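Below is one structure; the comments refer to it alone.
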There are 2 protein chains.
Amino acid sequence: MRQDGRLARMIHVLVHMGLLGGRETSERIAQMLNTNPVVVRRTMASLRQYGIVESEGGRGGGWSLTRPLKDITVLDVQRALQGETILDAPLSNDHPSCPVERAANAKLQRAFESAEQTLEREFRKVTLAEIGEIAMASAKAGKTG
Amino acid sequence: MRQDGRLARMIHVLVHMGLLGGRETSERIAQMLNTNPVVVRRTMASLRQYGIVESEGGRGGGWSLTRPLKDITVLDVQRALQGETILDAPLSNDHPSCPVERAANAKLQRAFESAEQTLEREFRKVTLAEIGEIAMASAKAGKTG
DNA sequence: CCATAGTGTAACAAATAGTGTTACGGTCTA
DNA sequence: TAGACCGTAACACTATTTGTTACACTATGG
């Protein structure tokens, strides 16, 4: 589970959970993601904190969705994983009182804010149900490889 | 010089160079960036490859701009430093033949492409001359701290 | 023609962040 | 009460960026 594809991976998992409808253990999810259960718990914990999934301990426990896929957007998952900020403008901080540095930072900040708004808008309009439907359709059409 | 503020830092340096008009040594640039000359050469080498600056060796050598600030956009600097791609969609690759994973990746890819276009547009419309002017104006107004 | 002040670059050290692993405690249920 | 779960801390591993050292090359001034 490398390169921070956490958003993509979690969406992948959540859609499967939604389609199957049941409860999944960290162990099984770890297998899906080629990783191990502790990493899964760490990441799923963020989703739980945000109210997307819930966990139950003990025998027969595991993870389950708190609501149907149609009520979960990509933005929800993003927020759960990374908080408010999607894109972080990497600014410089070598001479905070230098007017040139300040002017450069201000321009960059604004540009990144625009891009972040775009991303937020795109993320908000895609539901996990939609992803599930696309997947089902393409599986039916035999586009598996 | 941490956290990949390379874009912001290089813009900062280039604007100073443009305003001063002369040649700067790696040593002096390194002081501006609180780093050391080798790191500066590494980064400036990318800008040279892209035709934004040129370097001369030997006594009296150093770095200079190849054209005025008004002919350098933030996008130029970005491209020189990181190539074509500004935003890289972090996709998952655990089960390349899984239709769910594919559908999720496709949606994310598209969202990131939109955001990248926004960023590209914003970067293209800001010239370093503009940043220089803002800096000069705010310096004159006494907003230094 | 050589001392000096530069860049170019390879090789390596250090810091950082993400990921993987182990270990152990808590919780539910058959 | 044993077994199958999650929760979490602590630590090892890995990759990337940044910093450093070292040395070769180049141009200039005296």
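Quick caveat: nothing in here was measured; it's all calculated off a predicted structure. Note on naming: letters A, B, ... go to the chains in the order of the sequence lines (proteins, then strands), and numbering restarts at 1 for each one.
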I'd like to know if the side chain of Asp76(B) and the backbone of Thr73(B) have a donor-acceptor N/O pair within less than 3.5 Å.
yes
From CD of Glu27(B) across to C1' of dG8(C) the rounded distance in Å is 16 Å
Output yes when at least one side-chain N/O atom of Asn36(B) is less than 4.0 Å from OP1 or OP2 of dG19(D), else no.
no
Side-chain donor or acceptor of Arg48(A) under 3.5 Å from a matching atom on the base of dG7(D)?
no
Donor-acceptor under 3.5 Å (Thr66(A) side chain, Gly51(A) main chain):
yes
Separation of Arg121(B) CZ from Lys125(B) NZ (nearest 0.5 Å)
7.5 Å
Check whether any side-chain N or O of Arg102(B) sits under 3.5 Å from a backbone N or O of Pro96(B) as a donor-acceptor pair, and report yes or no.
yes
Met44(B) CE - dG8(C) P separation (whole Å)
10 Å
Interface residues of residues 51-66 of chain A with DNA chain D (non-hydrogen, below 4.0 angstrom)
Ser55(A), Glu56(A), Gly57(A), Gly58(A), Arg59(A), Gly62(A), Trp63(A)
In whole angstroms, the gap separating C1' of dT18(D) from CG of Asp94(A) amounts to 13 Å
Less than 4.0 angstrom from a charged side-chain N to a carboxylate O is my criterion; do Glu120(B) and Arg79(B) meet it?
yes
Among Val39(A), Thr35(A), Val40(A), which residue meets the side-chain contact (heavy atoms from CB on, under 4.5 Å) test with Ile29(A)?
Val40(A)
Between dT21(C) atom P and Leu33(A) atom CG, what is the distance in whole Å?
14 Å
Tell me whether the count of non-hydrogen atoms from other residues, nucleotides or ligands lying under 6.0 Å of CZ in Arg67(A) goes above 12.
yes
Of Arg42(B) and Glu24(B), whose closest DNA chain C nucleotide lies nearer the 5' terminus?
Glu24(B)
Would you indicate which nucleotide in dT20(D), dT8(D), dG8(C) comes nearest to any side-chain atom of Val38(A)?
dT8(D)
Check whether the side chain of Arg41(B) and the base of dG6(C) form a donor-acceptor pair under 3.5 Å.
no
Once you round it to whole Å, what is the distance between C1' of dG6(C) and CD of Gln31(B)?
15 Å
For Asn34(B) and dA15(C), what is the distance between atoms CG and P respectively, to the nearest whole Å?
18 Å
Atom CD1 of Ile29(A) and atom P of dG7(D) are separated, to the nearest Å, by 11 Å
Rounding to a whole Å, what distance do you find between Leu81(A):CG and dT19(C):P?
11 Å
Is the phosphate of dC5(D), meaning OP1 or OP2, less than 4.0 Å from a side-chain N or O of Thr25(A)?
no
